[in-house]
K.L.:
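First the structure, which I've put down as structure tokens, then a few questions once you've had a look.
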There are 2 protein chains.
Amino acid sequence: MHDGHHSGGMMLIRRLGNYARLTPEDEAALQQMLALPIRLAHARRDIIAEGAVPRAVFLIVSGWACQFKTLEDGRRQIVGFLLPGDSCDLNNLVLRRMDHSIGALTDVRYMEIPGGAIQRLTRDHPRIGKALWWQMLVHLSVQREWTTNLGQRNAMERLGSLLCELALRLRDVGLSNGECYDLPLTQTDLADATGLTSVHINRTLQQLRASGLISLSGRVLRIPNFAALQEASLFAPDYLHRAQLEARQSHGMAGAGAADHAER
Amino acid sequence: MHDGHHSGGMMLIRRLGNYARLTPEDEAALQQMLALPIRLAHARRDIIAEGAVPRAVFLIVSGWACQFKTLEDGRRQIVGFLLPGDSCDLNNLVLRRMDHSIGALTDVRYMEIPGGAIQRLTRDHPRIGKALWWQMLVHLSVQREWTTNLGQRNAMERLGSLLCELALRLRDVGLSNGECYDLPLTQTDLADATGLTSVHINRTLQQLRASGLISLSGRVLRIPNFAALQEASLFAPDYLHRAQLEARQSHGMAGAGAADHAER
DNA sequence: CGAACATTTGAAGCGCGTCAAAGCCGGTGG
DNA sequence: CCACCGGCTTTGACGCGCTTCAAATGTTCG
């Protein structure tokens, strides 16, 4: 449940390796690039703000961060979560300004990978370039699913889908055993991510608890029956494009998630 | 207002040229690749369905298409529009299955660019590769904005923002003179894109008309005062990342759109 | 002219928001 | 050890924005 031996860097390499078959040289190059100082952001502080001109890519080593956008009048939408091993979009390198902010939800340890390093890497190691493309396209797919989540699902389905997504993503980086995980979000955070109010999130959580789909006390979320929550939320995990992960480390929930959906 | 001399291919080249400075050789290579047969999809037919295994990238030559996702029970969310000159995500090349469908809203003329052609192009012409990265990141930015649109804005703001986005995008490809454009969407389409019902879209359109922000008769939408609609909708065009377009072809609305927002 | 589809309108209901106050919990300092 | 404080969660009452259902009115095109 802690990050311990998950060095963040290792997690990145493992993940990229799932997107494209990396050679030992590729991995060594990544390894070398990741000899970077670890930076710290305190909970509830912004790592980078909308409109800023970034010069690096952020790689989360431990803790949770979120991407969010703010309307003029203060309304705030969380458009994605960054979990350990996640990196922010290459957005930073290519576009001139941030179109969203990144904020720390918990204390966050992260690395700043300078743009030049990434450009060199993709130039000299085409497989790494391909893996980055893959990752980017998965981000895009996830963002489309969030759009659908907000546009079509009701409160219970929205919240349930979000909790399912987090379960699978945390599992892929070893931060969930498949049944429960540490959820460091406040109900206000959940509200901002689902487009609901914190009051309604509270009531919806109670509803999910009452129907036995989740239990949540303190910061530990438990999903006793993943398939049940998935069905109640109309959650279809295909959009995470994690098929190849499942093939390799196939046990329990993760496989079931997609198997349920292979039938059509 | 028609597509006439806008050959779709030319539009693609012009657009990519805005993302990275292409050499004459780059442009020639693109030109050559675009000697492909033009395919036709009839209005209301799918071009490719969710779950399919694609082998090409689609480039819209004329007409409107949309990307959409469907929940098990039939609810449908339009997650993006593809206008002339737009291409679908490289999704198709890298990921194994479509996580969304692409459907023709009007009759659509399009080209299928085989994956190999694009791989060769990016390998031999790094600037084109960079331009494609850019385009992809802009797609991602737009998708984040749609997420925010659905999560935080009310009906009028949602619809207004969408109409603003379409105005700017159509203008960039020469399909709007800045004040009005052809809107081939039904109210049901607008509903599916904004996460509202068609009944409520109808009422919201009337409200926009009553307040003089738009006029819409037949399929022609007119925005007499873009700044007013923009303000009423809390529309902030930065997310389209079209700064460089404005710098080059600066006149009227397009410039104003961003200028309004440069002040902060 | 008629069928299929899009727009418009009305009436009624519900999901979620708003407002406000009351617990609750961890942390801090006296 | 208790008093206190700020932030999070929980609860209740009420209201509104949007949905639902149903039917009428265009509109387009064989």
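Order of the sequence lines fixes the chain letters, A, B, ..., with proteins taken first and strands second; residue numbering starts at 1 for each chain.
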K.L.:
Assuming nearest nucleotide by heavy-atom distance, tell me which of Arg153(A) and Val199(A) is located more 5' along DNA chain C.
P.N.:
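Residue closer to the 5' terminus by nearest nucleotide: Arg153(A).
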
K.L.:
Asp192(A) CG to dC8(D) P: how many Å, rounded?
P.N.:
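Answer to the nearest Å: 12 Å.
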
K.L.:
In whole angstrom, give the distance that lies between atom CD of Glu157(B) and atom P of dG17(D).
P.N.:
12 Å

K.L.:
Rounded to whole angstroms, how far apart are CG on Leu216(B) and C1' on dT8(C)?
P.N.:
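Interatomic distance, CG of Leu216(B) to C1' of dT8(C): 13 Å.
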
K.L.:
Nearest-Å distance, CG (Leu190(A)) to P (dT9(D))?
P.N.:
8 Å

K.L.:
Got a sec: does the CD of Gln206(A) have more than 12 other heavy atoms crowding it under 6.0 Å?
P.N.:
yes

K.L.:
Regarding Ser141(B) and Asp99(A), do their side chains bring together a donor and an acceptor under 3.5 Å, going by distance alone?
P.N.:
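Yes.
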
K.L.:
Starting at CG of Leu221(B) and ending at C1' of dT7(C), how long is that distance when rounded to a whole Å?
P.N.:
16 Å

K.L.:
Tell me: CZ of Arg219(A) to P of dC8(D), nearest whole Å?
P.N.:
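The distance from CZ of Arg219(A) to P of dC8(D) comes to 12 Å, rounded to the nearest Å.
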
K.L.:
To the side chain of Thr186(A), which of dC16(C), dT18(C), dC8(D) is closest?
P.N.:
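Selected nucleotide: dC8(D).
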
K.L.:
In this structure, are over 12 heavy atoms from other groups packed under 6.0 Å from Arg45(B) atom CZ?
P.N.:
no

K.L.:
Return no unless some side-chain N or O of Gln187(B) is found under 4.0 Å from OP1 or OP2 of dT8(C).
P.N.:
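Checking dT8(C) against Gln187(B), a side-chain N or O does come within under 4.0 Å of OP1 or OP2.
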
K.L.:
Measure the distance from CZ on Arg158(A) to C1' on dG15(C) and round it to the nearest whole Å.
P.N.:
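Going from Arg158(A) (CZ) to dG15(C) (C1'), I get 10 Å.
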
K.L.:
Can you figure out which of dT19(D), dT18(C), dC18(D) approaches the side chain of Thr197(A) most closely?
P.N.:
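Looking only at side-chain atoms, Thr197(A) lies closest to dT18(C).
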
K.L.:
What's Leu205(B) touching, base or sugar-phosphate or nothing? Going by heavy atoms closer than 4.0 Å.
P.N.:
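Nothing: the residue Leu205(B), judged by heavy atoms under 4.0 Å, touches no strand.
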
K.L.:
Which nucleotide in the list dT10(D), dC18(D), dC16(C) gets nearest to the side chain of Leu196(B)?
P.N.:
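Within the option list, the nearest is dC18(D).
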
K.L.:
With a 3.5 Å cut-off and no angle check, do the side chains of Thr147(A) and Gln143(B) form a donor-acceptor pair?
P.N.:
yes

K.L.:
At 4.0 Å (heavy atoms only), tell me whether Arg209(A) reaches a base, stays on the sugar-phosphate, or touches nothing.
P.N.:
sugar-phosphate

K.L.:
Counting the atoms with a prime plus P, OP1 and OP2 as sugar-phosphate, which does Gly218(B) contact under 4.0 Å by heavy atoms, base, sugar-phosphate, or nothing?
P.N.:
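Nothing: the residue Gly218(B), judged by heavy atoms under 4.0 Å, touches no strand.
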
K.L.:
Counting side-chain heavy atoms from CB outward, which of dG17(C), dT7(C), dC18(D) is closest to Asn202(B)?
P.N.:
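That would be dT7(C).
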
K.L.:
Ser215(A) and Arg222(A): side-chain donor and acceptor closer than 3.5 Å?
P.N.:
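Result is no, nothing qualifies.
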
K.L.:
Looking at Arg203(B) and dG10(C), is any side-chain donor or acceptor paired with a base atom of the opposite kind under 3.5 Å?
P.N.:
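Looking at the base of dG10(C), it does pair with a donor or acceptor on the side chain of Arg203(B) (distance under 3.5 Å).
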
K.L.:
Send over the distance from Gln206(B) CD to dT8(C) C1', rounded to a whole Å.
P.N.:
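Checked: the CD to C1' distance equals 7 Å.
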
